[in-house]
Structures are given as structure tokens and as C-alpha cells.
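The structure under discussion appears below in the form of C-alpha cells.
Computed from heavy atoms alone, side chains included, the values below leave out hydrogens, waters and symmetry copies. Numbering of ligands and ligand atoms starts at 1, following listing order.
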Amino acid sequence: MTTSIPVVVAGASGKTGREVGKAILTAHDMELVGAIAAHHAGAALKDIWSEPVSLIVQTNLAEIDVPYAVLVDFTEHQSSYQRVREAITRRWDIVVGTTGFTSTEREIIGSLVRQYQVGAVMIANFSLGAWVMEQLAKQASRYFQKAEILEAHADTKRDKPSGTAGRMAKILAESWEVDSKAIPIHSVRLPGMVAHQAVVFGTSGQILTLRHDVHDRTAYAQGVLASVRKVSDFRGRVVEDLAEIIDPA
Ligand SMILES: NC(=O)c1ccc[n+]([C@@H]2O[C@H](COP(=O)([O-])OP(=O)(O)OC[C@H]3O[C@@H](n4cnc5c(N)ncnc54)[C@H](OP(=O)(O)O)[C@@H]3O)[C@@H](O)[C@H]2O)c1
């Protein structure tokens with residue numbers, strides 16, 4: 001008999017956390033054991049999700065009294081930084097979608113992950129389309145020598161440019177052996193947007209545009225579920241590429 005993976009969702013009331021959380025709730029091999037939010041703390045999760053779930057939303061990880069869980073975090077970077085470190089010291093594995101961490105914060109998280117030998121997945125974009133776009137961009141960068149990135153999100157998104165765009169700039173910069181700051185990123189924040197990115201490659205007389213649009217945040221759920229299932233295989237390191245989860249070959 002296999003046991004379910006206990007999961008705590010931080011950001012359970014958020015646009016992404018609620019879609020990811022509902023997918024965890026219906027996954028046959030996972031058990032939702034905790035939900036965290038800020039303004040919604042104290043609310044019944046069933047009222048937020050309109051799903052049959054008996055949890056009350058908490059503010060802090062310390063209020064969730066289980067020996068082990070996978071922390072799934074889609075919140076904002078300041079509280080996430082603290083929560084993620086707390087989860088690691090409790091020897092929980094972590095799957096983090098929250099963006100906006102500084103490189104120093106990432107390094108500190110990485111060293112804690114090594115010290116406590118937990119598994120960590122920190123991926124800027126859990127959607128299949130964004131990952132496929134990266135593969136196509138790597139290919140295109142062999143033939144084109146210039147590109148600019150356009151990214152657009154809802155005006156509620158706090159960080160700018162997006163983590164996905166920053167990662168794309170890094171991929172292109174590595175391919176062209178230049179500093180990633182040399183690749184322009186144009187950011188739009190408007191109501192009505194969800195998550196959109198285009199990479200426009202240009203050369204004499206022609207352009208090539210790669211484009212990915214997320215219309216609905218269920219786009220992230222499958223990547224997160226696959227990460228929760230695999231994260232304990234990565235003890236002692238931080239996985240940042242969805243390829244290791246969905247395409248290990
Ligand atoms: N990696 C990916 O694939 C991916 C995809 C989409 C989004 N993201 C990232 O995920 C994060 C969330 O995005 P979103 O659009 O879902 O945001 P959102 O709708 O604003 O939701 C934010 C969530 O975080 C909670 N929260 C805020 N401050 C908190 C605190 N101090 N302590 C505990 N919980 C707190 C909010 O709780 P209340 O509602 O109670 O205030 C809410 O549940 C962002 O960093 C975004 O860039 C990543």
C-alpha cells in the first residue's frame with residue numbers, strides 16, 4: 001500500500017495557489033494537510049475554494065502540526081523566504097513557485113537545502129508551454145544573434161521583470177556568451193492579463209516570434225503535481241529546470 005504525500009499549500013487563497021491547491025486536493029496520491037494565507041487567515045478553506053475540504057487557513061507554518069509535508073508556496077517573496085527556510089529546518093521538502101527572490105536569498109536557500117538534505121524545486125514557471133518555449137528559444141538562438149523579450153502580466157504581479165523572462169534572458173545570454181543584461185526585457189502590467197511572453201528574434205529582413213499565453217492558472221497545476229511527486233528524489237539540491245521533472249532523459 002502506498003501512503004499519500006502530505007502537502008501544505010501557502011498562498012491557498014491566491015489566484016495560482018487556489019488552482020494548484022484544488023489539483024492537490026483531487027490527486028489520489030496526495031493529502032492536503034495545511035493551507036496558509038495572509039488576509040484570509042482564519043477562514044474555512046471550503047468557503048474560498050467551494051470544495052469539500054475541512055481545513056482552516058493558517059497564517060504561519062508553525063501552526064501546522066505535522067511531522068513532515070511538502071511545502072508548496074505561491075505567495076510573495078518576503079514571507080516566502082522566511083517560510084521556505086522554516087520548512088527546510090523542519091526537514092520538509094519544498095516546491096516553490098513564488099518569484100522575486102534575490103540571488104543572495106537563492107544562495108542561502110541552496111546552502112540550507114544542502115545542510116538539511118531536503119529536496120527543493122524552485123521553478124519560475126511550472127507550465128508546459130513555457131518550458132517548450134525555452135527549448136525552442138535555445139534552438140533559435142543558434143541561428144539568430146539578437147532577440148528581445150516581451151512579458152505581460154496582471155497589474156497585481158509584484159515583481160518586474162518576471163522570473164520567467166529573467167530565465168529566458170539567461171538562457172539566450174549563455175547561448176550567445178554575453179551578459180544577460182544585454183538582452184532587453186519589456187514588461188507590461190495591466191488588468192485583464194494573466195501571463196504572456198514573447199521572444200522576438202530578428203535578423204536581416206525577417207523576424208521570428210515565439211509566444212506563450214497562459215489564460216488560466218490551471219496551466220501550472222500539472223508541473224506542480226509532478227514536482228511534489230519527485231521532490232524527495234532531489235535531496236540536497238535545488239532543481240530549477242522543469243526538464244528534470246517532466247523530461248529527465
Ligand atoms: N512558478 C510559476 O509557475 C508561477 C505561476 C504563477 C504565479 N507565480 C508566482 O506565484 C506568486 C503568487 O502569484 P499569484 O498571482 O497567485 O498571487 P496572488 O493572487 O496575489 O496570491 C498571493 C497569495 O499569497 C498570500 N500571501 C500574501 N502575503 C502573505 C504572507 N505574508 N503570508 C502568507 N501568505 C501570504 C495571499 O493571501 P491572502 O489572499 O490571504 O492575502 C494569497 O493567498 C507570485 O510570486 C507569482 O509570480 C509563479
Has the side chain of [X] got a donor or acceptor atom that lies under 3.5 Å from a matching backbone atom of [Y]?
{"X": "E76", "Y": "Q78", "result": "yes"}
{"X": "D213", "Y": "H215", "result": "no"}
{"X": "S175", "Y": "K138", "result": "no"}
{"X": "W176", "Y": "S141", "result": "yes"}
{"X": "W92", "Y": "V118", "result": "no"}

Which residue owns the protein heavy atom closest to [atom], what's the atom, and how far is it?
{"atom": "atom 30 (C) of ligand 1", "answer": "S79 OG, 3.3 Å"}
{"atom": "atom 46 (C) of ligand 1", "answer": "T99 OG1, 3.8 Å"}
{"atom": "atom 8 (N) of ligand 1", "answer": "G97 O, 3.7 Å"}
{"atom": "atom 39 (O) of ligand 1", "answer": "S13 OG, 2.7 Å"}
{"atom": "atom 32 (N) of ligand 1", "answer": "R83 NH2, 3.2 Å"}
{"atom": "atom 3 (O) of ligand 1", "answer": "F126 N, 2.7 Å"}

Using a heavy-atom cut-off of under 4.0 Å, does the side chain or the backbone of [X] touch ligand 1, or both, or neither?
{"X": "H77", "result": "neither"}
{"X": "F74", "result": "both"}
{"X": "E76", "result": "side chain"}
{"X": "A124", "result": "backbone"}
{"X": "A38", "result": "both"}
{"X": "I123", "result": "backbone"}
{"X": "Q78", "result": "neither"}

Looking at ligand 1, does any of its N/O atoms fall within less than 3.5 Å of an N/O of [X]?
{"X": "G14", "answer": "yes"}
{"X": "R217", "answer": "no"}
{"X": "I36", "answer": "no"}

Under 4.5 Å between any side-chain heavy atoms of H77 and D159, yes or no?
->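 H77 vs D159: side chains apart.
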Would you check if I48 and H40 make a side-chain contact, meaning some heavy-atom pair closer than 4.5 Å?
->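 Counting from C-beta outward, I48 and H40 do come under 4.5 Å.
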Tell me which one of [options] gets a heavy atom nearest to [atom].
{"atom": "atom 41 (O) of ligand 1", "options": "E19, K157, H39, K15", "value": "H39"}
{"atom": "atom 23 (C) of ligand 1", "options": "A41, G11, A12", "value": "G11"}
{"atom": "atom 11 (C) of ligand 1", "options": "L242, T75, T16", "value": "T75"}

What distance separates [X] [atom1] from [Y] [atom2], expressed to the nearest 0.5 Å?
{"X": "L45", "Y": "L25", "atom1": "CG", "atom2": "CG", "value": "8.0 Å"}
{"X": "F126", "Y": "T164", "atom1": "CZ", "atom2": "OG1", "value": "10.5 Å"}
{"X": "S180", "Y": "I185", "atom1": "OG", "atom2": "CD1", "value": "7.5 Å"}

Mark the output for T98 as yes if a heavy-atom distance to ligand 1 is under 4.0 Å, and as no if none is.
-> yes
Check against salt bridge (charged side-chain N to carboxylate O under 4.0 Å, His left out), K230 and D93 = CA-CA 10 Å; K230 279 211 158 173; D93 298 314; over 6 Å; no
side-chain contact (heavy atoms from CB on, under 4.5 Å) between R83 and I36, worked out = CA-CA 10 Å; R83 191 177 311 106; I36 289 176; 4.0 Å; yes
Which ligand 1 atoms, with their elements, are less than 4.0 angstrom from a heavy-atom of A37?
->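 Answer for ligand 1: 33 (C), 34 (N), 37 (O), 40 (O).
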Indicate the ring-plane relationship of F201 and F144, choosing parallel, tilted or perpendicular according to the 30° and 60° boundaries.
->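 It falls in the tilted class, 30° to 60°.
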